[in-house]
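Naming: A, B, ... by sequence-line order, numbering from 1 per chain.
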Number of protein chains: 2
Amino acid sequence: MATIYEVSKLAGVSLATVSRVMNNNTPVKESTRRKVLDAMAQLDYRPNSIAQSLASNRSNSIGVLVSELHGPFYGAMLTGIEAEFRAAGKHVIITAGHSDLATEQDGIEFLKSRNCDALILHVEAVSDDYLLALAAEETPFVLLNRHIPAIADRCISLNNELGGYLATRHLLQQGHRKIAYIAGPMWKTDARDRYHGHQRALAEYQLTADPALFFEGDFRETGGSKGLESLLKTGKTFSALVCANDEMASGAITAARELGLNIPQQLSVMGYDNVNFAYYTYPKLSTIDYPISAMGQMAARWVLREVYQYDGNEVQQVFEPALISRDSVLAV
Amino acid sequence: MATIYEVSKLAGVSLATVSRVMNNNTPVKESTRRKVLDAMAQLDYRPNSIAQSLASNRSNSIGVLVSELHGPFYGAMLTGIEAEFRAAGKHVIITAGHSDLATEQDGIEFLKSRNCDALILHVEAVSDDYLLALAAEETPFVLLNRHIPAIADRCISLNNELGGYLATRHLLQQGHRKIAYIAGPMWKTDARDRYHGHQRALAEYQLTADPALFFEGDFRETGGSKGLESLLKTGKTFSALVCANDEMASGAITAARELGLNIPQQLSVMGYDNVNFAYYTYPKLSTIDYPISAMGQMAARWVLREVYQYDGNEVQQVFEPALISRDSVLAV
DNA sequence: GCTATAAATGAAAGCGCTTACATTAATACT
DNA sequence: AGTATTAATGTAAGCGCTTTCATTTATAGC
């Protein structure tokens with residue numbers, strides 16, 4: 001592999017000049033540039049990105065930490081991120097945090113140790129304080145799907161409250177009045193926000209959430225099935241169920257089917273996230289769209305702007321969810 | 001950030017010695033090692049991985065190219081890969097090829113330019129010749145889900161023929177005799193192999209595939225729905241349908257439902273891949289398990305062995321698919 | 001044509017490590 | 001004790017670039 005030195009020799013210029021035409025950050029006479037470019041082509045020269053990084057103190061790599069690499073949600077997010085960076089010639093180092101405190105912290109350390117120029121974090125287990133401390137360090141980062149007021153400018157998040165509101169309002173508009181709710185773990189902000197939206201929609205209809213029709217799930221399929229069973233056992237009737245995410249909605253639907261409950265005829269169900277498989281369930285799940293891919297892309301843009309001084313596109317920090325009406329909700 | 005130089009000064013040893021305790025590739029007296037370790041701890045020293053890479057000509061990074069970052073399939077694969085490398089302190093650079101020739105080639109160039117020590121490729125559009133040429137270059141790589149005889153030692157693939165065989169045999173064992181087939185694009189090896197397996201199973205029952213009951217799909221949902229409609233239009237009857245992947249099976253099931261066909265009572269359906277959502281369909285999809293996560297992990301091991309001289313675990317190159325029997329197939 | 005200023009280029013010092021080679025310290029053997 | 005080995009450590013030359021600062025070359029102004 002040819003080095004910059006050989007290029008400079010062949011072109012009859014100094015190392016510095018070759019470097020200049022590569023980075024074109026300093027004016028170079030057109031004729032000189034030509035010579036250098038020709039020499040590069042002739043030698044099939046490719047700059048050594050490691051050496052560039054060492055000398056410039058820029059790795060051109062961005063660390064991304066997500067909870068899981070698989071699953072419908074994170075894939076979409078990574079797609080948005082990667083596409084944006086690839087176009088900019090930056091590369092993405094990924095790692096998984098598995099929603100576990102130690103693993104997330106390790107992951108962040110790992111990425112820092114790889115000299116990432118910036119980090120995009122989708123962390124759940126790590127505390128606000130930890131992130132605040134991290135913000136005081138030199139590695140810049142953006143938070144996806146998390147809102148910490150003190151560092152709001154580094155947060156890209158969804159208006160979860162609005163999504164919760166939209167889901168329940170949809171049900172109310174379809175005539176439902178007795179609406180059960182299966183929440184996510186209430187220690188998670190997004191779970192709480194979604195529930196608050198639910199309450200707000202109810203309030204608009206002069207209703208309040210019935211504690212008996214509330215179940216705290218775990219955002220996983222079994223949370224939905226167990227939730228539905230538990231809800232049914234209370235003896236309280238309800239004509240609709242909103243689940244705080246699609247996995248739980250799917251679990252609830254499956255459980256309902258096993259109990260001989262017809263969906264949506266006997267029970268309308270709303271999901272949340274609009275994850276890929278929401279389209280594959282039967283009936284097709286009505287849900288709230290979470291524009292996660294766009295949000296990933298926006299996180300990438302944030303980095304491009306703040307870290308690499310790209311200008312252009314404004315960064316949107318708060319995203320709006322949207323109602324996706326499919327077949328799991330019936331008017332009553 | 002402290003450098004190796006400061007550590008060496010504090011510990012009262014030379015740079016080389018510090019380097020030695022870091023890499024422990026050369027014996028260092030225990031007392032010296034202690035001093036160095038203490039100094040490191042005291043300074044909160046973290047080696048600069050870029051500098052290490054430049055000096056050692058090893059980037060400790062592995063490039064991974066997959067068709068898509070989202071989707072049920074690749075996520076599982078990435079999980080397997082990342083977990084293995086993370087444990088080894090290597091990091092993974094990912095990029096997407098989108099099953100497109102130019103994008104795949106670009107992606108490979110991109111990864112090479114990032115000084116990856118090795119590449120793990122899941123490529124579809126790029127030709128065998130291209131890969132053969134790549135094999136002649138210096139960057140080592142493994143191919144996932146592709147088999148090229150001339151470089152068989154770098155290929156990790158599934159016995160697709162066996163999977164096709166298992167799917168159809170399952171149907172035959174359940175008493176089905178008229179079996180329709182929706183294939184993937186027949187220019188893809190895996191699509192062809194799966195179909196050959198189908199034929200072999202039929203042959204064992206003294207049957208041959210009826211061309212009228214064959215449809216070439218595209219591995220996507222619409223391929224399944226269009227396939228089923230087309231198959232139905234021929235007027236030929238069939239009691240079972242095997243689809244060359246789960247997406248198409250899901251499309252076929254949805255189309256069937258819209259046409260008032262009961263699954264599995266009136267038509268048994270087999271999928272292929274055992275992708276995450278196969279569990280969320282209704283009825284739950286009987287399918288062929290593709291151990292893609294394990295295969296990703298194995299690709300990582302290949303790299304660890306061949307490139308980083310890890311010993312231990314043998315690398316398994318050909319994987320066996322397995323039948324997953326769920327609810328979309330009924331005995332007749 | 002000569003100086004003042006601006007534009008283009010070059011020289012060389014790092015960036016923070018690894019590693020071949022040289023040197024010194026420790027151990028073994030007579 | 002003195003030499004031969006072996007083990008442990010140090011010295012210093014890179015790895016392939018970027019970038020500051022100095023120098024040279026071109027342009028302008030008189």
Might you point out which heavy atoms bring A:Ser19 and A:Ile4 nearest each other, and give the distance in Å? N-CD1, 3.9 Å

Using a cut-off of 4.0 Å on non-hydrogen atoms, how would the nucleic acid contact of B:Asn48 be classed: base, sugar-phosphate, or nothing?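 Sugar-phosphate contact only - B:Asn48 comes under 4.0 Å of backbone atoms but never of a base.
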
A:Ser19 near the nucleic acid: base, sugar-phosphate alone, or nothing, with a heavy-atom cut-off under 4.0 Å? base

Give a yes or no on whether A:Asp153 atom CG has more than 12 heavy-atom contacts from other residues, nucleotides or ligands under 6.0 Å away. yes

For A:Lys9, is the NZ atom crowded, meaning more than 12 foreign heavy atoms sit under 6.0 Å from it?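 No.
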
Rounded to whole Å, how long is the line connecting atom [atom1] of [X] with atom [atom2] of [N]?
| X | N | atom1 | atom2 | answer |
| --- | --- | --- | --- | --- |
| B:Ile50 | D:dC17 | CD1 | P | 14 Å |
| A:Met1 | D:dC15 | CE | P | 16 Å |
| B:Asn24 | D:dT9 | CG | P | 13 Å |
| A:Met40 | D:dG16 | CE | P | 15 Å |
| B:Asn115 | D:dC15 | CG | C1' | 11 Å |
| B:Gln52 | C:dC15 | CD | P | 17 Å |
| A:Arg58 | D:dG16 | CZ | C1' | 19 Å |

Angle between the two end axes of the helix from C:dG1-D:dC30 to C:dT30-D:dA1, five base pairs per end, rounded to 10 degrees? 40°

Does B:Phe219 have B:Lys188 sitting over its ring (NZ/CZ under 6.0 Å from centre, angle to axis within 45°)?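 The answer is no, since B:Lys188 fails at least one limit relative to B:Phe219.
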
Within 45° of the six-membered ring axis of B:Phe141 and under 6.0 Å from that ring's centre, is NZ or CZ of B:Arg154 located there? yes

Ignoring backbone atoms, test whether A:Asn23 places a side-chain nitrogen or oxygen under 4.0 Å from the OP1 or OP2 oxygen of D:dT18. yes

State whether B:Tyr45 places a side-chain N or O below 4.0 Å from either non-bridging phosphate oxygen (OP1 or OP2) of C:dC17. yes

Are a donor atom and an acceptor atom from the side chains of A:Glu82 and B:Thr95 found within less than 3.5 Å of each other? yes

Go through the side-chain N and O atoms of B:Tyr290 and B:Asn145 and say whether any donor and acceptor fall under 3.5 Å apart.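 Their side chains do contain a donor-acceptor pair, which is all the 3.5 Å distance test asks for.
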
Select from B:Asn25 and B:Ala51 the residue whose nearest nucleotide in DNA chain C is closer to the 5' end of that strand.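 Taking each residue's closest nucleotide, the earlier one in sequence belongs to B:Ala51.
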
Between C:dC17, D:dT19, D:dC17, which nucleotide gets closest to the side-chain atoms of A:Ile4?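 Between C:dC17, D:dT19, D:dC17, the one nearest the side chain of A:Ile4 would be D:dC17.
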
Report the residues that fulfil side-chain contact (heavy atoms from CB on, under 4.5 Å) with B:Ser53, sequence neighbours left out, ordered by chain and then residue number. A:Ile50, B:Ser59

I'd like to know whether the aromatic ring centres of A:Tyr74 and A:His122 sit less than 6.0 Å apart in this structure.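 Between A:Tyr74 and A:His122, the centre distance is under 6.0 Å.
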
For nucleotides 7-14 of chain C, just jot down a letter per nucleotide in 5' to 3' order: B, S or -, based on protein non-hydrogen atoms under 4.0 Å. -SBBB--B

